[in-house]
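Structure first, then comments.
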Amino acid sequence: MSIVKINALTVPAEQREVLEQRFASRAGAVESSDGFEWFELLRPVEGTDQYLVYTRWRSEEDFQAWMEGPMKAAHQGGGAAGGEAGERPKPAATGSSVWSFEVVQQAAPKKA
């Protein structure tokens, strides 16, 4: 079965739009990564300032390959939009925690 990685990002209210825009304009490298199955950015509705970044992978090895390859390159590269070459924008999140899960059961809607 697949694995799920959830990155819980603490995002102050004044940075929410910045975070969402950065995800909307991301390079999209994760979608073409071997073993990638799903991505969702979940906005908090009430009671928390944590966004959840949900990704689903075929295996832990596929996730680690993405972490050490495309993800690492994207987060270490300079010249991000809105900044000068080599300059990195300030992070929108003030904290981050990654949760890992194995999918042990799943269900899809029944077809009529």
Side-chain angles (χ1 to χ4, degrees):
M1 284 275 201
S2 302
I3 63 150
V4 169
K5 299 292 182 171
I6 298 174
N7 190 357
L9 300 173
T10 303
V11 182
E14 66 274 8
Q15 290 293 97
R16 286 181 167 199
E17 189 175 327
V18 171
L19 179 88
E20 291 180 23
Q21 183 57 42
R22 287 182 186 168
F23 271 94
S25 64
R26 63 190 165 77
V30 70
E31 286 91 334
S32 59
S33 294
D34 191 39
F36 171 79
E37 296 179 352
W38 200 258
F39 162 85
E40 290 178 324
L41 176 62
L42 306 176
R43 177 192 300 139
V45 176
E46 59 186 35
T48 185
D49 58 356
Q50 287 193 312
Y51 275 73
L52 300 181
V53 181
Y54 173 101
T55 58
R56 184 172 166 143
W57 298 86
R58 177 180 55 208
S59 70
E60 179 68 27
E61 293 75 22
D62 291 323
F63 172 73
Q64 291 301 327
W66 173 74
M67 287 287 291
E68 291 302 316
M71 194 285 300
K72 190 174 188 177
H75 285 84
Q76 288 182 343
E84 297 178 22
E87 182 181 326
R88 293 193 39 101
K90 178 184 172 205
T94 60
S96 173
S97 178
V98 177
W99 307 332
S100 300
F101 299 88
E102 292 179 329
V103 177
V104 294
Q105 294 183 26
Q106 61 187 14
K110 290 185 180 181
K111 302 207 183 215

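No experiment lies behind these values; they were computed from the predicted model shown. Computed from heavy atoms alone, side chains included, the values below leave out hydrogens, waters and symmetry copies.
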Side chain to side chain contact (heavy atoms under 4.5 Å, CB included) against [X], all qualifying residues, sequence neighbours excluded:
X: Ala8; answer: Gln50, Leu52, Trp99
X: Pro91; answer: none
X: Glu14; answer: Pro12
X: Ala92; answer: Gln15, Val18, Leu19, Arg22

Next item on the list: In sequence, state the C-alpha distance, the side-chain angles, and the governing distance for Asn7 and Tyr51, and then conclude on side chain to side chain contact (heavy atoms under 4.5 Å, CB included).
Entry: CA-CA 8 Å; Asn7 190 357; Tyr51 275 73; over 6 Å; no

Checklist line | Residues which pass side chain to side chain donor-acceptor pair (under 3.5 Å) with Gln106, listed by chain and number, not counting sequence neighbours | finding: Arg56

Note to self: List the residues meeting side chain to side chain donor-acceptor pair (under 3.5 Å) with Asp49, not counting sequence neighbours, and say none if there are none.
What the structure shows: none

Margin query: For Gln21 and Glu17, which I'm curious about, is there any donor-acceptor pair between the side chains at under 3.5 Å?
Written below: no

Check: Is it true that atom CZ of Arg43 has more than 12 heavy atoms of other residues, nucleotides or ligands lying nearer than 6.0 Å?
Finding: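 It does not: Arg43 CZ has 12 such atoms or fewer within range.
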
Margin query: Just checking Glu102: does its CD atom have more than 12 heavy atoms from other residues, nucleotides or ligands closer to it than 6.0 angstrom?
Written below: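 At most 12 heavy atoms, drawn from other residues, nucleotides or ligands, come within 6.0 Å of this atom.
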
Note to self: Between Trp66 and Trp57, is there a side-chain heavy-atom distance shorter than 4.5 Å?
What the structure shows: yes

Notebook entry, point to check: Does the side chain of Val4 reach to within under 4.5 Å of the side chain of Tyr54, using non-hydrogen atoms?
Noted result: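 A side-chain contact exists here, since the closest heavy-atom pair is under 4.5 Å.
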
Notebook entry, point to check: Same hydrophobic cluster for Phe36 and Val53, using side-chain heavy-atom links shorter than 4.5 Å among ILVMFWY?
Noted result: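 Yes, because Phe36 and Val53 connect within a single hydrophobic cluster, where side-chain heavy atoms sit under 4.5 Å apart.
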
Next item on the list: Would you kindly confirm whether Val103 and Trp38 end up in one hydrophobic cluster when ILVMFWY residues are joined by side chain heavy atoms under 4.5 Å apart?
Entry: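 Hydrophobic grouping puts Val103 with Trp38.
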
Item checked: Spacing of Ile3 atom CD1 and Glu37 atom CD [to the nearest 0.5 Å] ->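 Here the interatomic distance stands at 9.0 Å.
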
Checklist line | Identified side-chain contact (heavy atoms from CB on, under 4.5 Å) partner of Phe63 from the options Glu68, Lys5, Arg58 | finding: Lys5

